[in-house]
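Let me begin by presenting the structure, written as structure tokens, before commenting on it.
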Amino acid sequence: MTDSPVRVRFAPSPTGYLHVGGARTALFNWLYARKTGGTFVLRIEDTDQERSTDAHTRVILEGLTWLGINWDEGPYFQGAESPRHRADAERLLASGRAYRCFASAEELDAERKLAVAAGRPYRYERARWALSPEEEARRLAAGDPFVIRFAVPDAELAWEDAVHGRISFQGRDLDDFVILRSDGSAIYNLAVVSDDIAMRITHVIRGDDHVSNTPKQIALYQALGAALPVFAHVPMILGTDGKKLSKRHGATAVGDYQDQGILPAAMRNFLALLGWSPGGDREVLTGEELVGLFSLEAIQGKPAVFDTAKLEWMNGQYLSHTGADELLPPVMRQLDRMGVGAKGRDVRALIDAAKARSRTVLQLAEQVAVRLDASRIVLDEKAEKLQKKMGPAFGASLTVAAGALEALTPAEWTPDRLLEAVKHAAETHGLKLGDAMQPVRVALTGGTVSEPVNELLAVVGRDESLARIRAAMARTQDAAPA
RNA sequence: GGCGCUAUCGUCUAGAGGCCCAGGACACAGCCCUCUCAAGGCUGGUACACGGGUUCGAAUCCCGUUAGCGCUACCA
């Protein structure tokens, strides 16, 4: 089994967007495939006709692609495999491992309700619904609807889980579950096993919520005469309140993070570290390192809380270390959305100026926009406070700065010369460097935080910088009491 | 209720019997650097759920308790 080439699969059902939990499961499968030189198969489990949509399928594929998770085979659609599912059910029926059950859903529901009302656990009893051969033949001939149930063996159903170690269930604790509906379509557990066998899947890496399906599936593999794959059940992802991550917790879809300006590489790195650790103190890892270090056994057995603050920190790390060329497309897209044109400027220089102080592409684009377009300047709280605190000195500083800067020719408008000029002006007027710089920063950006002021001036440009300083001077004069 | 999984700082985790009166990262506080902030550096607080064993020795092994989570459908 384990000596045959590794084949793993990610099998989402297209009934919603690509959840971060699903994305992480996909990532683990992908990492394992890449690590072992195996094959990563994508299978869409669209057998729930009611809830599955093509739009969801598309979003899932886009999400995976965005994360850089590429698949080697597929996407296959489970719905197309129903003839094989049915054939497998028939085989089980023929071999006596499964049987027809004529109990209707209504009858069963009624019994269940009764049991619950009486406060006792409900169990499906095989004997309770058993029919004599004659009776079964009669109802079959009459065309009565029936489902096919799997006769769960009274035996231990155990496996060596790659993340949890040995897990064991007793067959007698499991009900005879339905494998084929009365309309002839397969139920999940049969469909999955049938597909995984047909696709020669060697390692089933999936969410923890499938642990209790596994004994049923193992019994099915055995009854179908197929070798068992290795199972690896990865724990759930929780919200900050310790509950399973859901819409209530805000962003849960991969697309949400894309919209918030998270870089795919950062998202991938963060997701990989959620429930898995390479050991030691490593945090920021390249895709290659992730692949090289990955192992199923190092996956954590307990659920992990999704910490947005750490994601953003991680994203900031990537933002700082990613070149402007690479950041240009997402920033341009965002500027576009904001309705800000590049005006023939080299946006890459602006990206380099602002990326170290941004945690998301959104923040970065906002900073680029301010440097591009004066109309986006809005005094923030700290800037207001500074201006108030400095009083007339604020305007005076600007006047000093303007004087020194105007003396510079366009050719002299370089970071070095700018720093020199401002320093000199500050000295001659007895100003502290900070008192000379901060008002300029506020005039140029509306905030008290930015790259060094001389670099800011250089990147905004001579005419534009001077215009912004003059505008700020005018503004402070208006605000000053008569 | 039954069955199963899990249990180290607020969060992500390192730790596979002595190296641990528990290490790193995020977050938080302070300091340094500095025109501001970020980055970087330094410092600080906070954790082995509880109770029994086993052992010369337990965060690490065993049992129990408690808690959280999952499953318990003609959903996937």
Side-chain angles (χ1 to χ4, degrees), chain A residues 11-15 45-48 50-52 78 101 103-105 108-109 112 115-116 119-124 145-149 161 163-165 167-170 172-175 177-183 185-189 191-192 207-216 233 235-236 238 240 242-244 270 273-284 300-314 316-317 320 354-359 382 386 419 422-423 426 431-438 440-442 447-454 456:
Chain A
S13 50
T15 54
E45 306 207 325
D46 57 348
T47 48
D48 186 342
E50 246 110 88
R51 297 189 297 153
S52 298
Q78 191 164 60
C101 170
S104 72
L108 260 15
D109 274 348
R112 203 187 334 268
V116 171
R120 69 193 139 80
Y122 174 75
R123 292 289 311 260
Y124 171 87
F146 62 87
V147 300
I148 295 181
R149 281 185 188 271
D161 196 277
V163 345
H164 294 284
I167 298 179
S168 159
F169 285 78
Q170 291 301 326
R172 73 178 71 92
D173 291 330
L174 273 30
D175 287 349
F177 55 96
V178 174
I179 53 177
L180 206 69
R181 295 185 184 91
S182 47
D183 68 359
S185 63
I187 287 289
Y188 172 73
N189 281 306
V192 168
D208 236 354
D209 47 340
H210 287 289
V211 169
S212 35
N213 282 321
T214 307
K216 299 178 186 175
H233 289 96
M236 310 270 83
L238 273 23
T240 31
K243 296 267 195 289
K244 191 176 167 188
F270 177 75
L273 257 31
L274 211 53
W276 172 76
S277 159
D281 301 332
R282 319 200 54 184
E283 296 272 348
V284 181
Q300 197 72 221
K302 63 162 179 181
V305 174
F306 194 92
D307 182 5
T308 322
K310 189 154 184 178
L311 204 213
E312 291 195 356
W313 164 79
M314 178 84 67
Q317 294 290 310
S320 302
K355 68 179 190 180
R357 262 159 295 267
S358 306
R359 289 207 151 185
K382 286 196 172 157
L386 178 80
L419 182 59
V422 177
K423 264 188 175 163
L431 289 174
K432 282 195 288 188
L433 236 206
D435 287 341
M437 298 286 201
Q438 275 303 62
V440 174
R441 178 152 22 227
V442 169
T448 58
V449 171
S450 83
E451 64 272 37
V453 166
N454 57 320
L456 175 64

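These numbers come from the heavy atoms of this one structure, side chains and all, not from hydrogens, waters or symmetry mates. Note on naming: letters A, B, ... go to the chains in the order of the sequence lines (proteins, then strands), and numbering restarts at 1 for each one.
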It should be established whether R282(A) places a side-chain nitrogen or oxygen under 4.0 Å from OP1 or OP2 of nucleotide G23(B).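 Negative; the distance criterion is not met.
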
Less than 4.0 angstrom between a side-chain N/O of R181(A) and OP1 or OP2 of C75(B), yes or no?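 So the side chain of R181(A) is within the cut-off, an N or O lying under 4.0 Å from OP1 or OP2 of C75(B).
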
Which is true for [X] with a 4.0 Å heavy-atom rule: it touches a base, it touches only sugar-phosphate, or it touches nothing?
X: T240(A); answer: nothing
X: G207(A); answer: nothing
X: A103(A); answer: base
X: E45(A); answer: sugar-phosphate
X: A105(A); answer: base
X: R149(A); answer: sugar-phosphate
X: H233(A); answer: nothing
X: N213(A); answer: base

For the side chain of R149(A) and the backbone of I179(A), is there at least one donor-acceptor N/O pair under 3.5 Å apart?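 The answer is no, because no donor-acceptor pair under 3.5 Å joins these two groups.
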
Any sub-3.5 Å donor-acceptor pair from D175(A)'s side-chain atoms to Y124(A)'s backbone N or O?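 Confirmed, D175(A) side chain pairs with Y124(A) backbone.
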
Give me the distance, rounded to whole Å, that separates [N] from [M] when you measure between the [atom1] atoms they each carry.
N: C19(B); M: A58(B); atom1: P; value: 11 Å
N: A16(B); M: U11(B); atom1: P; value: 23 Å
N: U13(B); M: U60(B); atom1: C1'; value: 16 Å
N: U46(B); M: C9(B); atom1: P; value: 14 Å
N: G44(B); M: A25(B); atom1: P; value: 13 Å
N: G17(B); M: U55(B); atom1: C1'; value: 9 Å
N: G24(B); M: G64(B); atom1: P; value: 36 Å
N: G57(B); M: G18(B); atom1: P; value: 14 Å

Whole-Å gap separating [atom2] ([N]) and [atom1] ([X]):
X: R123(A); N: G2(B); atom1: CZ; atom2: P; answer: 13 Å
X: E312(A); N: U11(B); atom1: CD; atom2: C1'; answer: 15 Å
X: Q78(A); N: C75(B); atom1: CD; atom2: P; answer: 13 Å
X: D307(A); N: C9(B); atom1: CG; atom2: P; answer: 14 Å
X: D209(A); N: U72(B); atom1: CG; atom2: C1'; answer: 14 Å
X: M314(A); N: U13(B); atom1: CE; atom2: C1'; answer: 12 Å
X: L180(A); N: C75(B); atom1: CG; atom2: P; answer: 11 Å
X: W276(A); N: A25(B); atom1: CH2; atom2: C1'; answer: 15 Å

Any strand: nucleotide that pairs with [N] via Watson-Crick or wobble, under 3.5 Å:
N: C75(B); result: none
N: C42(B); result: G30(B)
N: G68(B); result: C5(B)
N: U11(B); result: A25(B)
N: C20(B); result: none
N: C35(B); result: none
N: U54(B); result: none

[X]: side chain to side chain donor-acceptor pair (under 3.5 Å) partners, not counting sequence neighbours:
X: D173(A); value: none
X: D161(A); value: W159(A), H233(A)
X: S13(A); value: none
X: S450(A); value: R441(A)

As an exercise, state the distance from [atom1] of [X] to [atom2] of [Y], rounded to the nearest 0.5 Å.
X: N213(A); Y: F169(A); atom1: CG; atom2: CZ; result: 9.0 Å
X: L273(A); Y: Q300(A); atom1: CG; atom2: CD; result: 11.5 Å
X: K423(A); Y: L431(A); atom1: NZ; atom2: CG; result: 14.5 Å
X: K302(A); Y: M236(A); atom1: NZ; atom2: CE; result: 15.5 Å
X: L174(A); Y: K216(A); atom1: CG; atom2: NZ; result: 6.0 Å
X: E283(A); Y: K310(A); atom1: CD; atom2: NZ; result: 4.0 Å

Per-nucleotide protein contact string for nucleotides 3-8 of chain B, where B marks a base within reach and S marks sugar-phosphate only (heavy atoms under 4.0 Å, - for neither): SSSSSS

A correct 5'-to-3' footprint of nucleotides 35-44 of chain B, with B, S and - meaning base, sugar-phosphate only and no protein heavy atom under 4.0 Å, is BBBB------

Looking at side-chain heavy atoms only, is the closest gap between F177(A) and N189(A) below 4.5 Å?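 When only atoms from C-beta onward are counted, N189(A) and F177(A) do touch, with a gap below 4.5 Å.
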
What's the closest nucleotide to the Y188(A) side chain, out of C26(B), A76(B), C74(B)?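 Shortest atom-to-atom distance from the side chain points to A76(B).
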
Comparing nearest nucleotides in RNA chain B, the 5'-proximal residue of the pair A304(A), Y122(A) is A304(A)

Select from V147(A) and L274(A) the residue whose nearest nucleotide in RNA chain B is closer to the 5' end of that strand.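 Here L274(A) is the residue nearer the 5' end.
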
Between the base of A25(B) and the side chain of K310(A), is there a donor-acceptor distance below 3.5 Å? yes

